[in-house]
Structures are given as structure tokens and as C-alpha cells.
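Chain letters run A, B, ... following the sequence lines, proteins first and then strands; every chain starts at 1.
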Protein chains: 2
Amino acid sequence: MKNPIADLNKIFDSRIRLGVMSMLVVNDEIGFNDLKQMLELTDGNLASHLNTLEQAEFIKVHKGFIGRKTSTTYSITELGKQAFKAHLDALEKMIKKL
Amino acid sequence: MKNPIADLNKIFDSRIRLGVMSMLVVNDEIGFNDLKQMLELTDGNLASHLNTLEQAEFIKVHKGFIGRKTSTTYSITELGKQAFKAHLDALEKMIKKL
DNA sequence: AAAAGTGCTTTGTTTTTCAAAGTTAAATAA
DNA sequence: TTATTTAACTTTGAAAAACAAAGCACTTTT
């Protein structure tokens with residue numbers, strides 16, 4: 001038998017980062033404020049988790065405008081998709097015995 | 001839309017506690033040392049996570065003997081089963097859109 | 001001009017995690 | 001019988017992570 005948790009990605013141990021990724025898998029682009037409201041987070045908390053995901057190159061930032069208002073949105077990268085899928089696969093392997 | 005991570009159980013944010021539970025769901029009883037080896041943990045680390053799960057009444061301890069050697073084993077409680085299942089359901093809801 | 005929104009960064013506290021060492025008690029080896 | 005080992009912890013302390021709150025730069029709305 002092998003260690004069932006070894007294949008889980010440390011980055012996704014955080015429920016918040018897990019939530020961000022799960023939202024970005026199904027939405028091509030999501031704004032900072034939408035994430036903030038959906039996940040019920042403070043600005044700083046969200047920003048730092050987004051930063052972690054960005055450092056890992058699991059998400060990408062897009063700074064743009066809606067009209068003349070700044071608007072920052074985020075999207076998942078290919079690497080992010082792969083890593084997230086691998087994590088879910090590892091999770092499934094742990095629990096599929098049910 | 002509602003917060004997708006709100007229904008995740010904080011206790012299962014930890015990969016280690018998640019691993020313990022996933023093992024206890026499929027095995028009626030597991031020994032301290034078996035858990036330790038499977039999850040590759042130090043005594044103290046495992047003991048403290050087991051303690052957290054016990055405080056929550058998600059697992060139960062059985063102190064016994066193998067021959068005349070002490071042997072501590074752990075099993076999942078009904079409450080533990082329910083909580084774990086609820087957590088997995090919440091996880092699934094987050095990601096089933098895939 | 002004042003107030004408010006966006007998207008951060010910085011600061012500092014609290015919480016969590018973890019390894020290492022110490023502990024107790026029994027078992028076995030010397 | 002003394003020493004060592006194993007099991008299963010507890011305690012200690014340090015490092016890492018999470019988080020809220022405040023500050024900031026910029027722009028828009030009032």
C-alpha cells in the first residue's frame with residue numbers, strides 16, 4: 001500500500017484556493033470582486049491567495065477596463081488545469097473505495 | 001449563487017486528517033503504527049491530528065493488547081462517517097460541474 | 001470637493017502545523 | 001537485574017499559514 005495523501009497538491013490544501021480554482025475551471029474569467037463576494041473574503045485575504053496561485057502559475061491576471069473603470073480578472077492556465085485535475089484524481093483515489 | 005466552500009468542514013482541510021478518515025472509512029480498525037507508516041508521519045504529529053479527530057468525536061480509540069503488548073487502534077464513529085460524507089458531498093458539488 | 005469603489009500591499013496577530021525531545025509503561029535482550 | 005527497545009503519547013518551541021484591518025493609489029460618482 002502507498003501513502004494516500006502523497007499525491008495531493010499542497011497548494012490545494014487551502015479551501016480558498018480550492019474554491020478559486022473550482023470557479024475558474026468553469027468560468028473563463030472571473031473578476032476580483034466576484035471572487036471576493038462568492039467566497040466571502042476580505043480584499044487582503046483573497047489577494048494573497050490569488051498571489052499564491054499566480055506564483056505557481058496556476059492562474060493568470062488580466063488588468064483591463066470596463067468602460068473607464070479598472071477591472072482585474074483572473075483565469076486558469078493550462079498548468080493550473082492539469083494540477084487541479086491531478087489533485088482531484090488523487091482525492092478520488094483516496095475516497096473512491098466508498 | 002452561493003459560497004461554494006462554506007460547506008467544507010474545517011477539520012478536513014488538513015490532508016492528514018483527510019487521509020486518516022479515508023482510511024478509517026474502509027477499514028474497521030487501524031493501529032497507530034499502521035497509520036503512522038502509511039501517512040509517513042512522526043508520532044507527535046499523528047497523535048495530535050488523531051486528537052483533533054477524537055475531540056470532534058469523529059473517531060474512537062481502542063486501547064488493547066496484541067498478546068501482552070499494548071496496541072492502540074482507531075475506528076470511525078457514526079458522526080465521523082456523516083461528517084466525512086457531508087464534506088465529500090460539498091467537495092463534489094464544487095467540482096462536479098467539470 | 002467629498003465620498004466611494006477597485007485592487008492591492010503592508011502590518012501584526014492568531015491559528016495551525018510539525019518536528020524533536022521527553023515520558024510512561026511494558027517487553028525483551030544482555 | 002540492568003539495559004534497551006517499542007508503543008503511544010505529551011510537551012515544547014519554532015516555523016508557516018491564514019487572516020483582518022489599515023493604508024494606499026487611482027478613478028469615478030455625487
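Within the 4.0 angstrom heavy-atom criterion, only backbone atoms of the sugar-phosphate kind lie near A/Asn33; the bases stay farther away. Backbone-only contact: B/Ser14 has heavy atoms under 4.0 Å from sugar-phosphate atoms and none from a base. Within the 4.0 angstrom heavy-atom criterion, no nucleotide atom of any strand lies near B/Lys36. Residue contacts for B/Asp13: at a heavy-atom cut-off of 4.0 Å it reaches no nucleic acid atom on any strand shown. Counting any heavy atom pair closer than 4.0 Å across all strands shown, B/Leu41 reaches no nucleic acid atom.
For A/Lys10 and A/Gly31, each mapped to the nucleotide of DNA chain C holding its nearest heavy atom, the one lying further toward the 5' end belongs to A/Gly31.
Proximity of B/His49 to the phosphate of C/dT16: no side-chain N or O atom is located under 4.0 Å from OP1 or OP2. In this model, the phosphate group of C/dT6 is not approached by any side-chain N or O of A/Thr72 to a distance below 4.0 Å at OP1 or OP2. In this structure, B/Arg15 does not reach the C/dT17 phosphate: none of its side-chain N or O atoms is under 4.0 Å from OP1 or OP2. Between B/Ser48 and the phosphate of C/dC18, there is no side-chain N or O to OP1/OP2 separation shorter than 4.0 Å. Distances shorter than 4.0 Å separate none of the side-chain N or O atoms of B/Asn45 from OP1 or OP2 on C/dT17. The side chain of A/Tyr74 places no N or O atom within less than 4.0 Å of a non-bridging phosphate oxygen (OP1 or OP2) of C/dG7.
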task = Let me see the working for B/Leu39 and B/Met23 under side-chain contact (heavy atoms from CB on, under 4.5 Å), right down to the final yes or no.
result = CA-CA 10 Å; B/Leu39 303 175; B/Met23 290 180 70; 4.1 Å; yes
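Between the CD1 atom of A/Ile5 and the C1' atom of C/dT17 there is a distance of 13 Å, rounded to whole Å. In this structure, A/Leu46 places its CG atom 16 Å from P of D/dA21, rounding to the nearest Å. If you take CD1 of B/Ile16 and P of D/dA17, they are 14 Å apart, rounded to a whole angstrom. Rounded to whole Å, the distance from CG on A/Asn51 to P on C/dG7 is 15 Å.
The existence of a salt bridge linking A/Asp89 and A/Lys93 is excluded, since no basic side-chain nitrogen approaches an acidic carboxylate oxygen closer than 4.0 Å.
Distances were taken from every side-chain heavy atom of B/Lys63 (C-beta onward) to each of D/dA8, D/dC9, C/dT17; the shortest belongs to D/dC9. Picking from C/dG7, D/dA20, D/dA18 the nucleotide with the shortest atom distance to the side chain of A/Thr42 gives D/dA20. In the set D/dA20, D/dA8, C/dC8, the nucleotide with an atom closest to the side chain of B/Asp43 is D/dA8.
In this structure, the side chains of A/Asp7 and A/Lys2 come closer than 4.5 Å at one or more pairs of heavy atoms. Inter-residue side-chain proximity for B/His62 and B/Thr72 is flagged as unmet; no heavy-atom pair is nearer than 4.5 Å.
With rounding to the nearest 0.5 Å, the separation of OG in B/Ser22 from CE in B/Met38 is 8.0 Å.
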